[in-house]
Amino acid sequence: MKKTPPAPPAPAPATKPERWRIDAGDADVATLVIPADSLRLRRFEIDCRFVVMRLSDGATHGMRVDVDGDLEWTRQAPTENPGHTDSMDYHFRRELAVGQALRIVVKTQAKQARRVALTIEADEA
């Protein structure tokens, strides 16, 4: 009687891409921390978005993005679009080595404008 050889082991399941998000609402600061992964290198597409509503003439809004404690980007601009929202966006990429975490802090300013939304999203590429 002939025996059937055992089936080969199933391949390891693919890792689902990570997605991290923080919605700080109308707060002036948002912080997103992506924890380290001890097994693999990762790449992230990161979006920071600040939305405001103009309250009167001369309104301005600004956003500063710090990554791991270092200034990544900053901008201040007049708040346009009376009666509607205006926004400021910043997109960047980051590669995280094995064992490396990432801390993103977005700080905002609003003068004669009301904060509406502040979000940070990071999608593994």
Side-chain angles (χ1 to χ4, degrees):
M1 185 176 208
K2 203 174 190 184
K3 288 191 171 184
T4 308
T15 304
K16 182 178 177 182
E18 295 178 38
R19 184 168 205 287
W20 299 90
R21 183 175 199 276
I22 183 77
D23 184 340
D26 61 358
D28 60 342
V29 177
T31 302
L32 178 68
V33 177
I34 301 173
D37 187 308
S38 62
L39 301 176
R40 62 192 182 90
L41 174 118
R42 300 171 295 164
R43 290 179 184 87
F44 285 95
E45 299 285 330
I46 302 161
D47 290 294
C48 305
R49 182 171 177 80
F50 178 41
V51 181
V52 295
M53 173 82 69
R54 178 178 161 169
L55 298 176
S56 63
D57 290 344
T60 62
H61 61 289
M63 184 167 77
R64 174 188 171 112
V65 179
D66 292 323
V67 178
D68 291 332
D70 294 325
L71 175 63
E72 171 76 17
W73 182 85
T74 188
R75 180 169 179 226
Q76 188 160 354
T79 303
E80 304 292 344
N81 215 9
H84 302 282
T85 59
D86 195 359
S87 64
M88 191 171 283
D89 299 275
Y90 180 65
H91 175 87
F92 64 105
R93 295 179 178 100
R94 232 0 145 254
E95 182 172 287
L96 302 182
V98 173
Q100 181 183 0
L102 184 67
R103 179 182 176 88
I104 304 157
V105 179
V106 176
K107 300 172 186 172
T108 64
Q109 302 170 349
K111 178 183 170 191
Q112 298 176 9
R114 180 175 55 86
R115 290 176 174 85
V116 175
L118 177 58
T119 58
I120 307 171
E121 296 181 348
D123 291 302
E124 189 175 12

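Both backbone and side-chain heavy atoms feed into the values below; hydrogens, waters and symmetry mates do not. Note that the coordinates shown come from a computational prediction; the quantities given were computed from them, not determined experimentally.
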Between [X] and [Y], which heavy-atom pair has the shortest distance, and what is it?
X: Pro82; Y: Arg54; result: CG-NH1, 3.4 Å
X: Pro78; Y: Asp86; result: O-OD2, 3.8 Å
X: Ala101; Y: Leu96; result: O-CD2, 4.2 Å
X: Ser56; Y: Gln112; result: OG-OE1, 3.2 Å
X: Ser38; Y: Val98; result: O-CG1, 3.3 Å
X: Val106; Y: Leu118; result: CG1-CD1, 3.7 Å

- Note on the structure: From the list Val52, Asp57, Thr85, side chain to side chain contact (heavy atoms under 4.5 Å, CB included) with Thr79 holds only for Val52
- Full working for side chain to side chain contact (heavy atoms under 4.5 Å, CB included) between Trp20 and Glu121: CA-CA 6 Å; Trp20 299 90; Glu121 296 181 348; over 6 Å; no
- Message: Quick check on Arg40: does its CZ atom have over 12 non-hydrogen neighbours (other residues, nucleotides or ligands) under 6.0 Å away?
- Response: yes
- Item | Intermediate values then yes/no, side chain to side chain contact (heavy atoms under 4.5 Å, CB included), Trp73 and Val67 | CA-CA 9 Å; Trp73 182 85; Val67 178; over 6 Å; no
Answer yes or no: is there a side-chain heavy-atom contact under 4.5 Å between [X] and [Y]?
X: Phe50; Y: Asp89; value: no
X: Ile46; Y: Ile104; value: yes
X: Thr108; Y: Met88; value: no

[atom1]-[atom2] distance between [X] and [Y], expressed to the nearest 0.5 angstrom:
X: Ser87; Y: Asn81; atom1: OG; atom2: CG; value: 9.5 Å
X: Arg64; Y: Gln109; atom1: CZ; atom2: CD; value: 10.0 Å
X: Lys111; Y: Thr60; atom1: NZ; atom2: OG1; value: 5.5 Å
X: Ile120; Y: Leu32; atom1: CD1; atom2: CG; value: 5.5 Å

- Examine distances only and state if a side-chain atom of Glu124 and a backbone atom of Pro17 form a donor-acceptor pair shorter than 3.5 Å. no
Shared hydrophobic cluster for [X] and [Y] (ILVMFWY, side-chain gaps under 4.5 Å):
X: Leu102; Y: Val29; result: no
X: Tyr90; Y: Phe44; result: yes
X: Val105; Y: Ile34; result: no

Does the pair [X]/[Y] count as a salt bridge with the N-to-O cut at 4.0 Å?
X: Glu72; Y: Arg94; value: yes
X: Asp28; Y: Lys107; value: no
X: Glu95; Y: Arg42; value: no
X: Asp123; Y: Arg19; value: yes
X: Arg49; Y: Asp47; value: no

- Would Arg21 and Thr119 count as having a side-chain donor-acceptor pair, cut-off 3.5 Å? no
- Query: Without hydrogens or angle criteria, can the side chains of Glu45 and His91 be said to hold a donor-acceptor pair below 3.5 Å?
  - Reply: yes
